[in-house]
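Below: the structure, in structure tokens.
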Amino acid sequence: MVTHIGLVGLGKMGNNMRSRLRNGGIEVTGFDPRPEVSDVPTLADLAAALPQDKRVVWVMVPAGEPTRGVLDQLADILSEGDIVIEGGNSHYVEDQERAAELAEKGIGYLDVGVSGGVWGLDNGYGLMVGGAAADVEAVLPVFDALRPEGPREEGFVHAGGVGAGHYAKMVHNGIEYGLMQAYAEGYELLAAKSDVITDVHGTMRAWSRGTVVRSWLLDLMVKALEQDPKLALLDDWVDDSGEGRWTVDEGIDMAVPLPVISAALFARFASRQEQSPAMKAVAALRQQFGGHAVKSAE
Ligand SMILES: O=C(O)[C@H](O)[C@@H](O)[C@H](O)[C@H](O)COP(=O)(O)O
């Protein structure tokens, strides 16, 4: 059983994970390019510091190029019997390709969807794992230290072979988009009906217990309204980091209808437009065919 791992990437997520792992009795050697947070100066030093019979390295760097770069280096440094854990939000197909490459050298690969954000340090992280059963088994103490307290199956799943962890996380994030959008639309309608609803924050807070729509995301919505009751301090611009797009892509690929998740994704795109060319076109067409009134650009 593995009780000492390497952790690459000590940013917002990795740093907190290192603390939670240590609090849970797992020895962690962390590496980050920023010397002030790193335990060792290089990735090679990290590999040298681990128990040599089975080196396990958890990668927690941003998805895409940064992750690819670290995995390239680990492919050179690690050897047969070692295990790489990809804990970022990678695309599941990349996991499958990478695992096949590493398998040629006898290096195991687990892809892990990690949910919980900055709250994970205290609450534990929801974990969705893909990979070979023997590799998952070997790393169980590490997963147990990271996941929330309580029954393992309520905060952890070995969802399938390589790719399953990040596929599960992708769908989880698609759901996240849809749920957030639903709370947000409900909030807007409550706030718009100010002649009837005089306490928007209180209304949403009252949904926190007992109601059908109570949830952690609702609790966070209530918290945000507590801090800024009219959300006046925020711009209406919402970013996305790819998981929603991948979920919609999968829906198209599999012919699975995802109307809510797609709408939530497109709402984010709309949030970034100062002016909507499409809505200008609709206004122009109404004017063309019906002589309907339009507003001039300012
Ligand atoms: O489960 C989680 O902890 C979150 O989903 C986490 O993974 C991250 O905050 C999202 O990736 C943000 O995704 P977007 O930038 O696409 O909204």
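The analysis underlying the following values was restricted to heavy atoms, covering all of them including side chains, and did not include hydrogens, waters or symmetry mates. When a ligand or atom number is given, it counts from 1 through the structure's own listing order.
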Under 3.5 Å, is there a donor-acceptor pair between the Asn15 and Arg18 side chains? yes

Is a side-chain donor-acceptor pair under 3.5 Å present for Asn173 with Lys169? yes

Of all protein heavy atoms, the one nearest atom 3 (O) of ligand 1 is Gly116 N, 2.9 Å

Any atom of ligand 1 sitting under 4.0 Å from a heavy atom of Tyr125? no

For His172, counting its heavy atoms only, list the atoms of ligand 1 lying under 4.0 Å from any of them. 1 (O)

Tyr177 neighbourhood, listing ligand 1 atoms whose heavy-atom distance to it stays under 4.0 Å: 14 (P), 16 (O), 17 (O)

Lys193 and Val196: CA distance, side-chain angles, deciding distance, side-chain contact (heavy atoms from CB on, under 4.5 Å) verdict: CA-CA 6 Å; Lys193 198 72 174 175; Val196 174; 3.7 Å; yes

Lys/Arg-Asp/Glu bridge criterion (N-O < 4.0 Å) met for Arg205, Asp219: no

Short N/O distance, under 3.5 Å, between Asn173 and ligand 1? yes

Classify the contact between Arg268 and ligand 1 as side chain, backbone, both or neither, using a heavy-atom distance cut-off of under 4.0 Å. side chain

Quick one: does Glu243 get an N or O within less than 3.5 Å of an N or O on ligand 1? no

Measure the distance from atom 1 (O) of ligand 1 to every protein heavy atom, then report the residue, atom name and distance (to 0.1 Å) of the closest one. Ser115 OG, 2.5 Å

Enumerate the atoms of ligand 1 whose separation from the nearest heavy atom of Ser241 is less than 4.0 angstrom. 12 (C), 13 (O), 14 (P), 15 (O), 16 (O)

Residue Gly117 vicinity, atoms of ligand 1 by number, heavy atom under 4.0 Å: 3 (O)

Test: Arg268 cationic atom under 6.0 Å from Tyr177 six-membered ring centre, within 45° of axis: yes

Can you sort out which atoms of ligand 1 are near Asp240, meaning under 4.0 Å from one of its heavy atoms? 15 (O), 16 (O)

For the 3.5 Å polar cut-off, considering only N or O atoms, please tell me whether Asp239 and ligand 1 meet it. no

Would you call the rings of Phe156 and Phe143 parallel, tilted or perpendicular, where under 30° means parallel and over 60° means perpendicular? tilted

Assign the ring pair Phe266 / Phe269 to parallel, tilted or perpendicular, where the plane angle (0 to 90°) is split at 30° and 60°. tilted

Test item: side-chain donor near acceptor, Glu86 and Ser90, under 3.5 Å: yes

Identity and separation of the nearest protein heavy atom to atom 4 (C) of ligand 1: Glu176 OE1, 3.5 Å

Without hydrogens or angle criteria, can the side chains of Glu250 and Tyr167 be said to hold a donor-acceptor pair below 3.5 Å? yes

Which of the numbered atoms in ligand 1 are under 4.0 angstrom from any heavy atom belonging to Asn89? 7 (O), 11 (O)

Does atom 9 (O) of ligand 1 have a protein heavy-atom neighbour under 4.0 Å away? no

Quick one: does Gly244 get within less than 4.0 Å of ligand 1, heavy atoms only? no

Asn16-Ser19 side chain donor-acceptor pair, cut-off 3.5 Å: no

